[in-house]
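In this chain, residues are counted from 1 in sequence order.
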Amino acid sequence: MIKNFEHVMDGRRIPLCVTLAPGPDGQRAVISHLESAQAIVMMDVTGVIGMLKSAVESPDEFLDHAVRKASEEGLIDLALRSGEPQTGSI
């Protein structure tokens, strides 16, 4: 499943997408540039609570949660500014 979304940074709308991928301990959400599919943020499921939550959430809810958390933690902005992929946890 792939979801497109726009991230606003410094007043600019940046088209991005998020998709499910296998991670080290289960699912992972990968946020990428829409045009190039270059990964900028990987959000991994960690801990027992994270694994349980990802098991009961729909894929759509899981992806929304990952984008919201990556945005709240500033990981998307940091990745876009630095050009370096960032990693976070759900």
Side-chain angles (χ1 to χ4, degrees):
M1 165 179 248
I2 297 173
K3 289 185 73 168
N4 297 342
F5 68 99
E6 287 186 334
H7 179 75
V8 178
M9 185 174 82
D10 301 330
R12 295 182 312 145
R13 293 187 172 276
I14 302 164
L16 301 173
C17 64
V18 60
T19 188
L20 289 174
D25 295 319
Q27 292 190 54
R28 165 186 274 183
V30 179
I31 299 172
S32 307
H33 285 283
L34 186 59
E35 334 54 70
S36 68
Q38 175 190 7
I40 60 169
V41 179
M42 280 71 65
M43 297 295 289
D44 292 318
V45 172
T46 57
V48 174
I49 293 173
M51 284 189 261
L52 290 172
K53 197 170 186 181
S54 71
V56 297
E57 285 182 325
S58 72
D60 198 46
E61 291 172 322
F62 177 77
L63 294 176
D64 288 344
H65 181 162
V67 168
R68 190 171 38 255
K69 188 152 186 208
S71 182
E72 288 170 358
E73 292 181 0
L75 296 174
I76 297 173
D77 288 350
L78 182 58
L80 292 170
R81 283 193 175 97
S82 71
E84 296 293 322
Q86 302 297 311
T87 303
S89 61
I90 300 173

*asked:* Leu16 vs Glu35, test: side-chain contact (heavy atoms from CB on, under 4.5 Å). Steps then yes/no.
replied: CA-CA 8 Å; Leu16 301 173; Glu35 334 54 70; over 6 Å; no

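Leu34 CG: more than 12 foreign heavy atoms inside a 6.0 Å radius.
No side-chain heavy atom of Cys17 sits less than 4.5 Å from a side-chain heavy atom of Lys3. Between Met42 and Pro85 there is a side-chain heavy-atom pair separated by less than 4.5 Å. Residues His7 and Val67 form no side-chain contact, since every pair of their non-hydrogen atoms from C-beta on lies 4.5 Å or further apart. With contacts defined as side-chain heavy-atom distances shorter than 4.5 Å, the pair Leu63/Met1 qualifies. Counting only heavy atoms from C-beta outward, the side chains of Thr87 and Asp44 approach each other to under 4.5 Å. No side-chain heavy atom of Glu61 sits under 4.5 Å from any side-chain heavy atom of His65.
Note that CD1 of Ile31 and CD of Gln86 are 11.0 Å apart. Values are rounded to the nearest 0.5 Å. Atoms CD and CD, from Glu57 and Gln27 in turn, are 9.0 Å apart once rounded to the nearest 0.5 Å. Atom OG1 in Thr46 sits 11.5 Å away from atom CZ in Arg28 (nearest 0.5 Å).
Considering all non-hydrogen atoms of both residues, His33 and Ser36 come closest at CB-OG, 3.3 Å. Contact record, Ala39 with Ser32: CA-OG, 3.6 Å, taken as the closest heavy-atom pair.
Hydrophobic cluster membership differs between Ile14 and Val30, with clusters built from Ile, Leu, Val, Met, Phe, Trp and Tyr side chains linked at under 4.5 angstrom. By the rule that hydrophobic residues join a cluster once side-chain heavy atoms approach within less than 4.5 Å of another member, Ile76 and Leu20 end up as members of one cluster. One hydrophobic cluster, built from ILVMFWY side chains closer than 4.5 Å, holds both Ile90 and Phe5. Hydrophobic clustering (side-chain heavy atoms under 4.5 Å, transitive across Ile, Leu, Val, Met, Phe, Trp, Tyr) groups Leu80 together with Val41.
Residues satisfying the side chain to side chain donor-acceptor pair (under 3.5 Å) criterion with Glu6, sequence neighbours excluded, are Arg13.
With salt bridges taken as basic N to acidic carboxylate O contacts below 4.0 Å, none links Lys69 and Asp64.
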